[in-house]
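Data first, discussion second: the structure below is written as structure tokens.
These numbers were taken from a predicted model, which means no experiment stands behind them. Just so it is clear, the values below take in all heavy atoms, side chains as well, and ignore hydrogens, waters and symmetry mates.
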Amino acid sequence: GEASVQCPTYNTRPLTERAAAAFGNFERAVEEAMEWTVIGPGDVDYFVFRNDRGLHARDRIAGERLLLRTYWRPNANALSAVTDQPGPVFDLERVLAA
């Protein structure tokens, strides 16, 4: 029953005035619902969120940073079959070559 919205706002270009108005309304609704979490250098060791359950954005990050992404699937059988690896870590080169 959860709503899910996916929209690359950074790369969305409305084609008509009506679409531009609707997109503006969408952006305003997102802005009103947004809750910022500011993470500064040394604040946290890790930060985890469900990428498909919340709109997210970030400002430009200055300086050095380490960003590791992980993707979760409820069933990793397809990844195991493609990479011939049991998991939980899979060789990205094998995945991309498939």
Taking only residues two or more places apart in sequence or in another chain, which ones pass side chain to side chain donor-acceptor pair (under 3.5 Å) with Arg18? none
Residues which pass side chain to side chain donor-acceptor pair (under 3.5 Å) with Asp84, listed by chain and number, not counting sequence neighbours: none
Apply side chain to side chain contact (heavy atoms under 4.5 Å, CB included) to Ser80 and list each qualifying residue two or more places apart in sequence or on a separate chain. Phe90
For Ala22, enumerate each residue passing the side chain to side chain contact (heavy atoms under 4.5 Å, CB included) test, keeping only those at least two apart in sequence or located in another chain. none
In short, Pro14 meets Ala19 closest at the heavy-atom pair CB-C, 3.7 Å
So how far is it from Thr16 OG1 to Phe23 CZ, rounded to the nearest 0.5 Å? 12.5 Å
Per the side-chain hydrogen bond (donor to acceptor under 3.5 Å, both in side chains) rule, what does the pair list look like for residues 20-31, sequence neighbours excluded? Asn25-Arg28
